[in-house]
Amino acid sequence: MVNILDFMTPPFSQLAVGLDDIARQGLYRSRRVIASPQSINLDIDGRNVVNFCSNDYLGLANHSGVVNAFKAGVDRYGVGSGSAHLVCGHSAAHHALEEELAAFTGRDRALLFSTGYMANIGVISALLGRGDAVFEDRLNHASLLDGGLLSGARFKRYAHADVVDLGANLDKAQGNKLIVTDGVFSMDGDFAPMDELAVAAKNHNAWLMVDDAHGLGVIGEQGGGILEYFGLSQQDVPVLMGTLGKGLGTFGAFVAGPDLLIETLIQKARTYIYTTAMPAAVAEATRVSLKIAIEENWRRDKLKQLSERFRLGAEQLGLQVMPSASAIQPILIGDSQSAVDISNALLNAGFLVSAIRPPTVPQGSARLRVTFSALHQEQHVDRLLDALARIILGRK
Ligand SMILES: *Cc1c(COP(=O)(O)O)cnc(C)c1O
């Protein structure tokens, strides 16, 4: 199937065998080239399709106010930031955004990172080392798992959202302890039991870190995310990581928390110190998208309505929905190749829905990850349900 490397000699020729292997398991990954702005409609190969796989939940990635702020940012600061934050790349735009993110999350301070992946790796490695222990939900995002492994601390996974299993592991641990969890699980859409995790952390004298990539701007009355939803303070959850490329529609990430945490990260987080700052114009655009996310409650209300309409409709069709109260509404398929086949059939019918396969999700739990945007309308949901009924039920 894959033969571009056939001409090569060992050891590189082994790569072809590896790629063939991936393809045979229905796990081969490839990109689709998009020729339009991010929105609920995308132009793919000259065709217009309805997009149900973006994380641009609030519909801000191509919002005119956000776009104009980006352009004004470029006019004022140019494109490149020139260096890392600690050298000469930390602009007034970055600084203002950090202050606004701190106020928004109700934390002492916030610190920008260039991506969420880097934020997670930087934070965990700055807080822990050999002799310490990190505890991770087994469904945590890859960047959290990688961060834990890279830190050199003892690495323990606990059963998904299972505070009893976590407690048993905490009892046995030595050194500094950090509990790490997604807030809204990225491939399932369910919420971490943050209130119970906060109690477990206090009882065991452990730090607690939440990655709220999919909750920020989306969950909570004011869009404050999973911690607003649970009403948890900086004392309860001292380490909050959020991303800017999902609900807020731009790019980048931040960590918010106590002053001591932020100062420690500035001194020790290698993925903060040794990388170029995000363009200042991205920070300017994010300042505007944050304002819109806070003020425009209709976006969250709309998302809730659309997600519930889809969930109810999918249940009525007998599709296997998952326990999600968020804008991520997966349909469980099981077999990887079937998930890919269904995703391709949906694309032919004009709907872009991604098939999520192992190792992103556990073996045998391949799924269609359907996500909604505040810009979708009820008719989009109904048309997707019709297509799912035709394609999935038609296969049985
Ligand atoms: C997307 C995501 C990240 C990575 O953020 P980027 O800014 O895209 O690097 C981290 N954690 C979770 C839970 C995510 O969904």
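Just so it is clear, the model here is predicted, and its values are computed rather than measured. Counting begins at 1 with the first residue of the sequence. Any value given below was found using the heavy atoms of this structure, including those in side chains, with hydrogens, waters and symmetry copies removed.
Checked for salt-bridge contact, Asp162 and Arg138 miss the test: no charged N lies under 4.0 Å from a carboxylate O. One finds no salt bridge joining Asp45 and Arg32 here, because no Lys/Arg side-chain nitrogen approaches an Asp/Glu carboxylate oxygen to under 4.0 Å. A salt bridge links Arg24 to Asp21: at least one charged side-chain nitrogen sits closer than 4.0 Å to a carboxylate oxygen.
No donor-acceptor distance shorter than 3.5 angstrom exists from the side chain of Thr371 to the backbone of Ala327, with no hydrogens or angles considered. Remark: side-chain polar atoms of Ser343 are not paired, donor with acceptor, to backbone N or O of Ala339 under 3.5 angstrom. Under a 3.5 Å cut-off, the side chain of Ser151 and the backbone N or O of Leu128 do not form any donor-acceptor pair. For the pair Arg300 (side chain) and Ala293 (backbone), a donor-acceptor distance under 3.5 Å is present. Judged by distance alone, the side chain of Gln329 and the main-chain N or O of Val321 form no donor-acceptor pair under 3.5 Å. Between the side chain of Lys156 and the backbone N or O of Asn169, no donor-acceptor pair lies under 3.5 Å. A donor-acceptor pair under 3.5 Å is formed between the side chain of Ser326 and the backbone N or O of Gly189. Put simply, the side chain of Ser336 never gets that close to the backbone of Ala366: no donor and acceptor are under 3.5 Å apart. Judged by distance alone, the side chain of Thr271 and the main-chain N or O of Ala119 form no donor-acceptor pair under 3.5 Å.
Checked options Glu98, Glu263, Glu99; the residue passing with Arg109 is Glu263 (criterion: salt bridge (Lys or Arg N to Asp or Glu O under 4.0 Å)). With Phe113 as the fixed residue, the ring-ring contact (aromatic ring centres under 6.0 Å, His included) test singles out one of Tyr274, Phe254, Tyr272: Tyr272.
Residues Leu346 and Val49 do not share a hydrophobic cluster, clusters being chains of Ile/Leu/Val/Met/Phe/Trp/Tyr side chains in contact below 4.5 Å. Taken together through direct or relayed side-chain contacts under 4.5 Å among Ile, Leu, Val, Met, Phe, Trp and Tyr, Phe230 and Val184 form part of one hydrophobic cluster. Cluster membership for Val255 and Ile266, using ILVMFWY side-chain heavy atoms within less than 4.5 angstrom, is shared. The hydrophobic cluster containing Leu101 does not contain Leu227, counting ILVMFWY residues as joined when their side-chain heavy atoms lie under 4.5 angstrom apart, directly or transitively. Under the 4.5 Å side-chain heavy-atom criterion for grouping Ile, Leu, Val, Met, Phe, Trp and Tyr, Val163 is connected to Leu170 within one hydrophobic cluster.
Looking at His85 and Leu111, their side chains never come closer than 4.5 Å, going by heavy atoms from C-beta outward. Here the side chains of Arg29 and Arg357 are in contact, with some heavy-atom distance below 4.5 Å. Between Ile392 and Leu368 the shortest side-chain heavy-atom distance falls below 4.5 Å. Within the 4.5 Å cutoff, the side chain of Phe372 has no heavy atoms near those of the Ile328 side chain. Annotation: side chain of Leu127 is in contact with side chain of Val239 (closest heavy-atom distance under 4.5 Å). Using a 4.5 Å heavy-atom cutoff, the side chains of Val134 and Val180 are in contact. Ser54 places none of its side-chain heavy atoms less than 4.5 Å from the side chain of Ile40. Here the side chains of Leu216 and Lys246 are not in contact, with every heavy-atom distance at 4.5 Å or above.
In terms of heavy atoms, Cys53 sits closest to Arg369 at O-NH1, 4.1 Å. Considering all non-hydrogen atoms of both residues, Asn140 and Asp182 come closest at OD1-N, 3.1 Å. Phe251 and Ser114 make their closest contact through CE2-O, 3.4 Å (heavy atoms, listed as atom of the first residue, atom of the second, distance). The shortest non-hydrogen separation linking Asn51 to His376 is O-NE2, 2.9 Å. Listed here is the closest heavy atom pair of Gly225 and Asp212: CA-OD2, 3.2 Å. When every heavy atom of Ile219 is checked against every heavy atom of His214, the shortest pair comes out as CG1-O, 4.4 Å.
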Trace of the side chain to side chain contact (heavy atoms under 4.5 Å, CB included) decision for Ile34 with Asp43: CA-CA 6 Å; Ile34 312 295; Asp43 182 345; 5.8 Å; no

Could you check His160 against Asp190 for side chain to side chain donor-acceptor pair (under 3.5 Å), going step by step and ending with a plain yes or no? CA-CA 11 Å; His160 178 50; Asp190 59 333; 2.7 Å; yes

Quick one: do Asp341 and Gln337 satisfy side chain to side chain donor-acceptor pair (under 3.5 Å)? Show the steps, please. CA-CA 6 Å; Asp341 292 345; Gln337 192 58 52; 3.1 Å; yes

Derivation and outcome, side chain to side chain contact (heavy atoms under 4.5 Å, CB included), residues Leu145 and Phe155: CA-CA 9 Å; Leu145 300 175; Phe155 183 86; 3.9 Å; yes

Decide yes or no on side chain to side chain contact (heavy atoms under 4.5 Å, CB included) for Ile333 and Ile331, but give the supporting numbers first. CA-CA 6 Å; Ile333 302 295; Ile331 301 286; 4.2 Å; yes

Assess whether side chain to side chain contact (heavy atoms under 4.5 Å, CB included) is satisfied between Arg107 and Val237, documenting all intermediate values. CA-CA 10 Å; Arg107 263 64 193 164; Val237 185; 4.1 Å; yes

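Shown here is Lys202, whose NZ atom has more than 12 heavy atoms of other residues, nucleotides or ligands within 6.0 Å. Within a 6.0 Å radius of CZ in Phe351, other residues, nucleotides and ligands contribute more than 12 heavy atoms. No more than 12 heavy atoms of other residues, nucleotides or ligands lie within 6.0 Å of CZ in Arg154, so this atom counts as exposed by the packing criterion. Under a cut-off of 6.0 angstrom, the local environment of CZ in Arg395 is crowded, with over 12 non-hydrogen atoms contributed by other residues, nucleotides or ligands. Under a cut-off of 6.0 angstrom, the local environment of CD in Gln379 is crowded, with over 12 non-hydrogen atoms contributed by other residues, nucleotides or ligands. Within a 6.0 Å sphere centred on CZ of Arg130, other residues, nucleotides and ligands contribute 12 heavy atoms or fewer. By the neighbour-count criterion of 12 heavy atoms within 6.0 Å, atom CG of Asp75 is densely surrounded, having more than that number from other residues, nucleotides or ligands.
The distance from atom NE2 of His95 to atom NE2 of His90, rounded to the nearest 0.5 Å, is 5.0 Å. The CZ atom of Phe191 lies 12.5 Å from the OG1 atom of Thr181; values are rounded to the nearest 0.5 Å. Rounded to the nearest 0.5 Å, atoms CG (Asn120) and NE2 (His141) are 8.0 Å apart. In this structure, the separation between CG on Asp236 and CE on Met194 is 9.0 Å, given to the nearest 0.5 Å. Expressed to the nearest 0.5 Å, how far CZ of Arg299 lies from OG of Ser373 amounts to 8.0 Å. Rounding to the nearest 0.5 angstrom, the gap separating the CG atom in Asp56 from the CD atom in Gln38 is 6.5 Å.
Under the side chain to side chain donor-acceptor pair (under 3.5 Å) criterion, Asn41 pairs with no residue, sequence neighbours left out.
Identified under the side-chain hydrogen bond (donor to acceptor under 3.5 Å, both in side chains) test for residues 277-290, with sequence neighbours left out: Glu100-Arg287, Thr250-Thr286, Glu284-Arg287.
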